[in-house]
**Student:** 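Below you'll find the structure I mean.
Index from 1, following the sequence.
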Amino acid sequence: TTWAPEKFEVADWLDSEGKFTASGDFLIETGNGTKTIWTTKNYDLSGGFKFKGTLAMKNAYNNFYGEWCSVYFGNENDNLELRIKNDSPNNNVKDDSYTAYLYYNGTELASFDLNKAPNGEYEVTYKDGKVTVSLGGVAIFTDVATTADLFKAKLGLRLTGNYKAKGREWKKISLAPLPTNSGDQGGEGGEGDPSNPVTKG
């Protein structure tokens with residue numbers, strides 16, 4: 001295929017307040033706060049897209065508070081979300097395992113037990129109303145149906161801190177369109193069509 005991923009810079013994010021670095025990482029330096037940032041631009045993701053991002057959830061202490069880190073496709077009120085969440089039900093139970101969830105507008109579509117291994121490169125692919133997610137090249141969700149409207153969507157990232165310097169990070173973030181088939185109706189053998197870009201508005 002001939003397209004290249006959209007790679008993000010500091011100026012691409014609203015209210016990043018120094019948390020998106022010049023090297024292209026979104027991080028919480030220290031503390032236990034929560035931060036969500038959104039792109040300044042809208043994207044037409046309805047024709048299909050691939051997101052890649054490497055997540056690191058490091059703890060300074062053996063504290064687990066049910067915190068989560070997410071990537072969103074849409075906007076603050078209408079979005080498709082991949083959430084990586086600690087399994088502690090409340091502050092009195094210290095569970096160091098994690099679960100991956102797919103949500104649409106707060107409604108759970110699917111979940112996957114990550115055990116104690118939430119870190120690595122996540123790849124989210126959307127095509128024809130279905131979402132596939134992999135972690136480290138291994139599929140954790142396959143063809144999960146969604147009715148998300150991604151015609152005019154932003155990309156959002158959420159992190160929660162755990163008192164460790166650079167303890168929670170989204171790194172190596174990219175967003176790219178999927179090539180379309182110029183062959184028959186979705187059949188094999190079609191050439192990748194670079195005329196299907198992720199357009200910005």
**Student:** To the closest 0.5 Å, what do you measure between CG (N86) and OG1 (T160)?
**Tutor:** 9.0 Å

**Student:** Side-chain donor-acceptor pair under 3.5 Å between D96 and N62, yes or no?
**Tutor:** no

**Student:** Identify whether W68 and V131 are in the same connected component of the hydrophobic contact network (ILVMFWY, side-chain heavy atoms under 4.5 Å).
**Tutor:**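 Unlinked, W68 and V131 end up in two clusters.
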
**Student:** For N105 and T107, run side-chain hydrogen bond (donor to acceptor under 3.5 Å, both in side chains): C-alpha distance rounded to whole Å, both residues' side-chain angles, the deciding distance at 0.1 Å, then the answer.
**Tutor:** CA-CA 6 Å; N105 287 348; T107 298; over 6 Å; no

**Student:** Using atom types as modelled and distance alone, determine if a side-chain donor or acceptor of D128 lies under 3.5 Å from a backbone N or O of K130.
**Tutor:**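 Looks like no, no N/O pair under 3.5 Å.
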
**Student:** Distance-only, no hydrogens or angles: does the N59 side chain make a donor-acceptor pair with backbone N or O of K164 under 3.5 Å?
**Tutor:**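 Checking the backbone N and O of K164 against the side chain of N59, no donor-acceptor pair under 3.5 Å is found.
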
**Student:** Is it the case that the side chain of N79 and the backbone of N75 share a donor-acceptor pair, with hydrogens and angles ignored and the cut-off at 3.5 Å?
**Tutor:**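 Such a contact is found between N79 side chain and N75 backbone.
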
**Student:** Using a strict threshold of under 4.0 Å (side-chain N to carboxylate O), is an ion pair present between E67 and R168?
**Tutor:** yes

**Student:** Indicate yes or no for a side-chain donor-acceptor contact from K172 to the backbone of K52 under 3.5 Å, with no hydrogens or angles considered.
**Tutor:** no

**Student:** Atom CG in N42, atom NZ in K152: separation rounded to 0.5 Å?
**Tutor:** 5.0 Å

**Student:** Would you name the heavy atoms of I173 and G24 that are closest together and state the gap between them?
**Tutor:** CD1-O, 4.2 Å

**Student:** Quick one: does S88's side chain have a donor or acceptor within less than 3.5 Å of a partner on F64's backbone?
**Tutor:**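 Yes; at least one donor-acceptor contact below 3.5 Å.
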
**Student:** Are L27 and L155 joined in one hydrophobic group, where the rule is that I, L, V, M, F, W and Y side chains link up if heavy atoms are under 4.5 Å apart?
**Tutor:**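 Per the 4.5 Å side-chain linkage, L27 and L155 are not co-clustered.
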
**Student:** State, with a plain yes or no, whether a side-chain heavy atom of Y126 is found less than 4.5 Å away from one of T132.
**Tutor:**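 Sidechains of T132 and Y126: no contact.
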
**Student:** Are L45 and V144 linked, directly or through other ILVMFWY residues, by side chains that come within less than 4.5 angstrom of each other?
**Tutor:** yes

**Student:** With a sphere of 6.0 Å drawn around CD of E9, does it hold more than 12 non-hydrogen atoms of other residues, nucleotides or ligands?
**Tutor:** no

**Student:** Could you list the donor-acceptor pairs under 3.5 angstrom formed between side-chain atoms of residues 109-122 and any protein atom two or more places apart in sequence or on another chain?
**Tutor:**
residue : atom : partner : partner atom : Å
D113    : OD1  : N115    : N            : 2.8
N119    : OD1  : M57     : N            : 2.7
Y122    : OH   : P118    : O            : 2.6

**Student:** Any chain of hydrophobic side-chain contacts (each under 4.5 Å) joining W38 to Y43?
**Tutor:** no

**Student:** Specify the closest pair of heavy atoms between C69 and W170, including all atoms of both residues, with the distance to one decimal.
**Tutor:**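 Scanning both residues, the minimum pair turns out to be CB-NE1, 4.3 Å.
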
**Student:** Drop me the distance from T99's OG1 to D87's CG, to the nearest 0.5 angstrom.
**Tutor:** 3.5 Å

**Student:** Same cluster for L159 and Y72 if Ile/Leu/Val/Met/Phe/Trp/Tyr side chains link at under 4.5 Å?
**Tutor:** no

**Student:** Is the backbone N or O of V138 less than 3.5 Å from a side-chain atom of S134, with the two atoms forming a donor-acceptor pair by type?
**Tutor:** no

**Student:** Is the shortest distance from a Lys or Arg side-chain nitrogen in E81 or R158 to a carboxylate oxygen in the other one below 4.0 Å?
**Tutor:**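 No, this pair does not count.
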
**Student:** Roughly how far apart are E17 CD and K35 NZ, rounded to 0.5 Å?
**Tutor:** 3.5 Å

**Student:** Here's a test for you: under ring-ring contact (aromatic ring centres under 6.0 Å, His included), which of W13, F26, F20 qualifies with F8?
**Tutor:**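 When ring-ring contact (aromatic ring centres under 6.0 Å, His included) is applied between F8 and each of W13, F26, F20, only W13 qualifies.
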
**Student:** For the rings on F73 and F51, is their centre-to-centre separation under 6.0 Å?
**Tutor:**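 For F73 and F51, the ring centres are under 6.0 Å apart.
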
**Student:** Taking all atoms of both residues into account, what is the closest heavy-atom pair of L175 and F49, and its distance?
**Tutor:**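 Smallest heavy-atom distance, with atoms named: CD1-CD1, 3.7 Å.
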
**Student:** Salt-bridge test for D12 and K41: reply yes if a basic N is under 4.0 Å from a carboxylate O, no otherwise.
**Tutor:**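 Looking at D12 and K41, the cut-off is met.
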
**Student:** Which pair of non-hydrogen atoms, one from K85 and one from Y101, has the smallest distance, and what is that distance?
**Tutor:**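 Heavy atoms only, the tightest pair is CB-CE1, 4.0 Å.
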
**Student:** Do you know which two heavy atoms are closest between I84 and A100, and how far apart they sit?
**Tutor:** CD1-CB, 3.8 Å

**Student:** For the residue pair Y104 and T147, what are the closest heavy atoms and their distance?
**Tutor:** CE2-OG1, 3.6 Å

